[in-house]
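This one's a predicted model, so the numbers in the text were calculated from it and none came from an experiment.
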Amino acid sequence: MWGRRAGARICRPVWESRRAMGTAGARRGLLGDKVALVTASTEGIGFAVARRLAQDGAHVVLSSRKQSNVDRAVAELQAQNLSVSGTVCHVGIAEDRDRLVATALERHGGIDILVSNAAVNPFFGSTLDASEDVWNKILQINVTATALLVGLVAPHMEKRGGGSIVLVSSIAGFSPFPLWKDESVKEKMMENLRVQRLGVPSDCAGIVSFLCSPDASYISGETVVVGGGAPSRL
């Protein structure tokens, strides 16, 4: 993950417990009345992050490419008395990015937090074998769309005196790892983890909430690895 404050603080985590409003996180209210946008947030890491931000007091706007996924995720979190809403957003489509920002402004009057979690990985194998179309898609979604979304939200954060931007990436950028189809490969991967278990989405949620909180106000432009102790340096 990495980040910057501004303006906007971008903190980029590289890399579930159910919690309701009565938990310690919700009572802390470190993000009380902050407005957060989380892309690709109807399942996995994005959903865990959206839930944690809402538990810590934020009004969260979820998004996904499919309306059915948005409806399901919003209903689940609203059933926990969390302040969430949602809209369809394919980050690679300019109109969808505009709608995501407009939704937050219409419902909550501003934006304080952006968690950019949407990304694609359309190819498995040696990067030397990737086609031009594959490279174009990866760069469009993972780089260009993210930068353009940051450009949309930053002015609104500046109007409110600052904000936090968290870009979620993968530890594979530091240490490539294979996808496994059998337990022997999984066991080999576990040898690289100092924490002897595979990560789960909630392992990322707490650090994102921290990076968006006043407690992290003097952290800017850092890469924070949530990787179980796996090698994480180039």
Under a single-linkage rule joining Ile, Leu, Val, Met, Phe, Trp and Tyr whose side-chain heavy atoms are separated by less than 4.5 Å, which residues share a cluster with [X]?
X	value
Phe123	Val134, Ile138
Leu139	Val143
Val120	Val91, Ile141
Val35	none

Is any side-chain heavy atom of [Y] closer than 4.5 Å to one of [X]?
X	Y	result
Val60	Leu82	no
Phe47	Val38	no
Val49	Val166	no
Val168	Thr39	no
Ile93	Arg97	no

> Out of curiosity, does Val88 fall in the hydrophobic cluster containing Leu62 (side-chain heavy atoms, cut-off under 4.5 Å, transitive links)?
Replying inline: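 No, because Leu62 and Val88 fall into different hydrophobic clusters, even though each may have its own neighbours under 4.5 Å.
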>> I'd like to know if Asp56 pairs up with Arg52 as an ion pair, taking the criterion as any Lys NZ or Arg NE/NH1/NH2 lying under 4.0 Å from an Asp or Glu carboxylate oxygen.
In response: yes
> With sequence neighbours excluded, what pairs up with Asp96 under the side-chain hydrogen bond (donor to acceptor under 3.5 Å, both in side chains) test?
Replying inline: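 Partners of Asp96 by the side-chain hydrogen bond (donor to acceptor under 3.5 Å, both in side chains) criterion, ordered by chain and then number, come out as Arg99.
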>> Going by the rule side-chain hydrogen bond (donor to acceptor under 3.5 Å, both in side chains), which residues pair with Ser85 if we only count those two or more places apart in sequence or in a different chain?
In response: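 Ser85 satisfies side-chain hydrogen bond (donor to acceptor under 3.5 Å, both in side chains) with Arg107 only.
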> Arg160: what forms a salt bridge (charged side-chain N to carboxylate O under 4.0 Å, His left out) with it, not counting sequence neighbours?
Replying inline: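 For Arg160, the residues satisfying salt bridge (charged side-chain N to carboxylate O under 4.0 Å, His left out) (neighbours in sequence not counted) are Asp112.
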> By salt bridge (charged side-chain N to carboxylate O under 4.0 Å, His left out), which residues pair with Arg194, not counting sequence neighbours?
Replying inline: none
>> Counting only heavy atoms not in Glu132 (residues, nucleotides, ligands), do more than 12 fall under 6.0 Å from its CD?
In response: no
> Counting heavy atoms not belonging to Asp98, are there more than 12 under 6.0 Å from its CG?
Replying inline: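 Result for CG/Asp98: enclosed.
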>> Tell me which pairs pass ring pair (Phe, Tyr, Trp, His ring centres under 6.0 Å) where either residue lies in residues 56-101, with sequence neighbours left out.
In response: His59-His108
>> Please list all pairs meeting salt bridge (Lys or Arg N to Asp or Glu O under 4.0 Å) that have one or both residues in residues 117-126, counting only residues at least two apart or in different chains.
In response: none
> Could you give all pairs that pass the salt bridge (Lys or Arg N to Asp or Glu O under 4.0 Å) test and reach residues 59-73, with sequence neighbours left out?
Replying inline: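 For residues 59-73: none.
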>> Which residues pass the side chain to side chain contact (heavy atoms under 4.5 Å, CB included) test with Gln78, not counting sequence neighbours?
In response: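 Partners of Gln78 under the side chain to side chain contact (heavy atoms under 4.5 Å, CB included) test: Val74, Val84.
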>> Give me the atom names and distance for the closest heavy-atom approach of Leu37 to Ala104.
In response: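 Between these two residues, the closest heavy atoms are CD2-CB, 3.4 Å.
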